[in-house]
Amino acid sequence: MAFAPGKVILLGEHAVVYGQPALAGALSSGVTVTTRPGRGRLRVAAWNVDIDRHDPSPLGQAFAALAARLYPGSEGPGQSAGLDVDLEVEFQVPTSAGLGSSAALAVALCRALARARQQELGTAAILDAAMAAETVFHGKPSGIDAAVAVHGGFGRFTRAAGWTPTRAARPVPLVVGHTGRQRDTKGRVARVAELASERPAEMETHFRAIGALVEQGIAAVLAGDFAALGAAMNENARHLEVLEVSCPEIEKMCTLAREAGALGAKLTGGGGGGCVLALAPGREDAVQAAWSRAGFTSFVTQVGQVGQVGEARQGDPP
Ligand code: PMV
């Protein structure tokens with residue numbers, strides 16, 4: 001059995017694709033993969049999926065891309081592509097929700113394959129294979145989801161420098177609510193790219209402003225200042241609206257959360273649907289009740305500690 005955590009992006013999604021920093025944390029739940037002797041079948045019982053790497057679906061293509069990176073040169077006719085086990089996938093986070101389930105799946109698959117082969121796979125090799133799978137799912141990912149799935153904990157990510165673990169002065173409590181709509185990472189990333197080519201100077205101003213909010217947010221978590229973190233989240237949400245990655249449900253959930261006492265609320269991940277985060281210390285019940293009355297499901301979690309989640313179960317060599 002192998003595990004990788006899902007994630008939330010506290011600040012900085014989309015701008016991170018354009019080189020700005022982002023702040024993210026691992027969830028305590030994620031994806032587990034169990035291996036059995038077999039011939040490279042990939043099963044997701046919850047979806048009634050039972051495929052191999054030749055399946056034309058995005059999942060099949062991602063699986064093939066991952067195996068080709070892990071075991072290059074073994075994917076020819078009659079060869080097993082290194083897949084001499086069957087893999088059973090269980091998602092403990094909602095999928096297509098902006099909670100990093102696809103990256104967690106890719107990382108958990110790498111770990112499961114390595115364990116089945118009693119092979120030591122380093123972080124760099126797992127990241128490389130997970131990015132190949134993520135590229136199938138998302139087009140041109142920044143790598144933040146894969147970085148959190150591999151490293152766990154809490155930290156700052158940039159495309160240039162990768163993952164830097166960060167320890168919050170105190171755990172950051174979050175309410176995570178689902179809009180009920182699938183998030184649309186590929187579509188929203190493509191729309192932001194269109195805007196960036198149509199109005200480059202204006203979009204660059206937004207990306208830089210989001211980057212500055214990430215730095216303010218990091219300073220706030222280091223100081224345990226939730227009011228400042230919440231303010232950065234609210235400001236970040238306004239920029240995300242201009243980038244056209246919000247949707248009516250996201251805006252409604254943010255408004256409800258703030259009315260219920262949240263210090264900050266914003267979408268997390270690709271947007272266009274998916275999940276919303278609310279920072280509402282001591283007011284979590286009120287936010288959940290307001291969302292529930294409006295038909296939105298939610299759960300409470302916390303992020304902020306290095307190695308708090310994910311890492312304890314990884315045991316990867318560096
Ligand atoms: O929707 P998710 O969980 O895959 O997050 C996407 C984050 C983006 O910044 C929008 C894209 C990226 O590759 O960083």
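Start at 1 and go down the list; that is how both ligands and their atoms are numbered.
Closest to atom 11 (C) of ligand 1, if we only count protein heavy atoms, is V17 CG2, 3.8 Å. The protein heavy-atom contact nearest to atom 7 (C) of ligand 1 is I9 CD1, 3.8 Å. Of the protein's heavy atoms, D145 OD2, 3.4 Å lies nearest to atom 2 (P) of ligand 1. Closest protein heavy atom to atom 1 (O) of ligand 1: T185 OG1, 2.6 Å.
Residues T185 and R183 bring a donor and an acceptor atom of their side chains to less than 3.5 Å of each other.
For ligand 1, the atoms lying closer than 4.0 Å to a non-hydrogen atom of P141 are 13 (O). Remark: ligand 1 atoms within the under-4.0 Å shell around heavy atoms of E13 are 9 (O). When each atom of ligand 1 is checked for a heavy atom of G270 under 4.0 Å away, the hits are 1 (O), 2 (P), 5 (O), 6 (C), 10 (C). Atoms of ligand 1 found under 4.0 Å from any heavy atom of K7, numbered from 1 in the order shown, are 2 (P), 3 (O), 5 (O). Atoms of ligand 1 found under 4.0 Å from any heavy atom of H14 (numbered from 1 in listed order, with element): 8 (C), 9 (O), 10 (C). Close approach of ligand 1 to V16 (heavy-atom distance below 4.0 Å) involves ligand atoms 9 (O), 14 (O).
A salt bridge links R191 with E194: the distance from a Lys NZ or Arg NE/NH1/NH2 to an Asp or Glu carboxylate oxygen falls below 4.0 Å. Between E249 and K252 no salt bridge is recorded (no basic side-chain N to carboxylate O distance below 4.0 Å).
Other residues, nucleotides and ligands contribute only 12 or fewer heavy atoms inside 6.0 Å of the CZ atom of R208.
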Derivation of the side chain to side chain contact (heavy atoms under 4.5 Å, CB included) call for L195 and E244: CA-CA 9 Å; L195 290 172; E244 298 184 15; 4.0 Å; yes
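Note that the CD1 atom of I250 and the CD atom of E241 stand 9.5 Å from one another [nearest 0.5 Å].
Nearest-heavy-atom check against atom 12 (C) of ligand 1 across A15, G273, S142 picks out S142.
The heavy-atom pair separating L213 from L11 by the smallest distance is O-CD1, 3.7 Å.
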